[in-house]
Colleague: 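Pasting a structure here, questions to come.
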Amino acid sequence: MSIAIDERKTKQGRQNSDATEGRASVLRALQLLDVFTGDQPTLGVSDIGRRAGIPTSTVHRLLSHLVKGDFVAKEGSSYRLSDRLFELGNQVGHSRPKGLRCIAAPFLGELFGATRLTTHLAVLDGPQVLIVDKVVGLSTYPARTDIGGRYPAFCTSLGKAMLAFEPEAEIRSTIAAGMPRRTRHTLTSPAALLQELAQTRTTRLAYDREEATLGQMCVAAPILRDGRAVGAISLSGAAQSYDVAAHGAALVRITAQLTRKLGS
């Protein structure tokens, strides 16, 4: 009897070990996907391993599974995220509150048509903003942003517009994450940021006066629901020729219309 019990315990131990190892492999594979962010969409095995902190032999094995699963594509000796991931990633826009990206698209187009300025839609994710959509023209100021890109919330108009309507604990957490200087105009004082957020709660407008990128000015307004910002829309242009205050009323009007649309 004791021998049978011991065998069952040994079998269960192996099963638990296999399950633990399987979970660890999944997590490591997800780590590999995460290294493809930034300005290098194609990477070699050694670069992937170095960025993920995973041994090269393990990277080879995990990449082979990701390629078979069509999550990563191999090009020669290098790898990139697959078109399948692009397809899956674009489905996320449908699950943001009642399809925020799809519902907001015509509003962005309307705003761009009226202002001829680069127009962004973003959501807040911790201390960062995630760009969900962008409208730009041939003659607009070339804002160095990407759909799917992440940028600091504390020094962007989009981030400030949403932070202003976050609970105090979330605002403090964003400040605690750091306020490094990006340009000579970046606000690095928590007190100054809190003052701007208080003004935004009153005016529904937030500004970036060359704080994130030299030469670029931005104004943003939040998309509010039940007192919280589910997203924000911004307009950006060249600092020397862009009057951010001139477009504030249009932004507030558009975001108010979008809020009503989301509510319906």
Side-chain angles (χ1 to χ4, degrees), residues 19-105 108-109 118-138 140 142-153 155-156 158-159 162 177-178 182 212-213 216 230-234 236:
T20 300
E21 184 177 347
R23 286 193 295 270
S25 294
V26 170
L27 289 174
R28 285 196 293 267
L30 292 174
Q31 281 182 267
L32 296 192
L33 295 179
D34 202 39
V35 306
F36 288 95
T37 57
D39 57 357
Q40 285 188 277
T42 304
L43 296 166
V45 173
S46 59
D47 284 333
I48 294 171
R50 176 175 50 79
R51 292 185 178 201
I54 297 175
T56 303
S57 58
T58 304
V59 171
H60 269 293
R61 177 173 58 83
L62 293 175
L63 282 173
S64 67
H65 292 308
L66 290 171
V67 170
K68 288 178 183 177
D70 198 22
F71 296 109
V72 169
K74 187 176 182 181
E75 296 182 344
S77 60
S78 298
Y79 297 82
R80 63 168 176 83
L81 297 180
S82 70
D83 294 342
R84 174 61 176 161
L85 268 189
F86 173 80
E87 179 185 354
L88 291 174
N90 274 278
Q91 296 305 308
V92 176
H94 298 286
S95 64
R96 279 291 180 179
K98 294 188 178 179
L100 176 60
R101 181 181 181 185
C102 293
I103 295 174
L108 298 185
T118 299
T119 308
H120 292 95
L121 172 69
V123 294
L124 189 65
D125 189 8
Q128 298 177 316
V129 296
L130 174 64
I131 303 297
V132 176
D133 208 348
K134 175 181 180 179
V135 181
V136 63
L138 291 174
T140 52
R144 295 192 291 274
T145 51
D146 299 303
I147 297 175
R150 292 175 177 271
Y151 305 92
C155 64
T156 56
L158 289 163
M162 292 182 281
R182 293 173 63 91
T213 304
Q216 178 177 286
V230 297
I233 295 175
S234 74
S236 63

Colleague: Say you draw a straight line from OG1 of Thr58 to CG of Leu63; how long is it, rounded to the nearest 0.5 Å?
Modeller: 10.5 Å

Colleague: Locate the shortest heavy-atom distance separating Arg182 from Cys155; write the atom from each residue and the value.
Modeller: CD-SG, 3.3 Å

Colleague: Out of curiosity, Leu124 CG to Thr156 OG1, how far, rounded to the nearest 0.5 Å?
Modeller: 9.0 Å

Colleague: Calculate, to the nearest 0.5 Å, the distance between atoms CG and CG belonging to Leu66 and Leu30 respectively.
Modeller: 8.0 Å

Colleague: Going from CZ on Arg28 to NE2 on His65, what distance comes out if it is rounded to the nearest 0.5 angstrom?
Modeller: 10.5 Å

Colleague: Has the side chain of Lys134 got a donor or acceptor atom that lies under 3.5 Å from a matching backbone atom of Thr145?
Modeller: yes

Colleague: Do Thr119 and Ile233 come within less than 4.5 Å of each other through their side chains, counting heavy atoms only?
Modeller: yes

Colleague: Side chains of Val132 and Leu100, heavy atoms from C-beta outward: is any pair under 4.5 Å?
Modeller: no

Colleague: Is the closest side-chain heavy-atom distance between Ile147 and Asp133 below 4.5 Å?
Modeller: yes

Colleague: Any side-chain heavy atom of Leu43 sitting closer than 4.5 Å to one from Arg51?
Modeller: yes

Colleague: Of all heavy-atom pairs between Val129 and Ala122, which one has the smallest distance, and what is that distance?
Modeller: CB-CB, 4.4 Å

Colleague: Is there a side-chain contact between Leu158 and Ile131 in this structure, where contact means two heavy atoms from C-beta onward sitting under 4.5 Å apart?
Modeller: yes

Colleague: Check side-chain hydrogen bond (donor to acceptor under 3.5 Å, both in side chains) between Asp47 and all other residues, then give those that pass, not counting sequence neighbours.
Modeller: Arg50

Colleague: What's the spacing between Arg144 CZ and Thr213 OG1 if we round to 0.5 Å?
Modeller: 5.0 Å

Colleague: Looking at His120 and Ser236, what are the two nearest heavy atoms and their distance?
Modeller: CE1-OG, 3.9 Å

Colleague: Using side chain to side chain contact (heavy atoms under 4.5 Å, CB included), reason through Tyr151 and Asp146 one step at a time and then give a plain yes or no.
Modeller: CA-CA 10 Å; Tyr151 305 92; Asp146 299 303; 4.1 Å; yes

Colleague: Strictly by side-chain hydrogen bond (donor to acceptor under 3.5 Å, both in side chains), give each pair with a member in residues 75-86 just once, sequence neighbours left out.
Modeller: Glu75-Arg80, Arg84-Glu87

Colleague: Would you say Leu32 and Val72 make side-chain contact, with heavy atoms under 4.5 Å?
Modeller: no

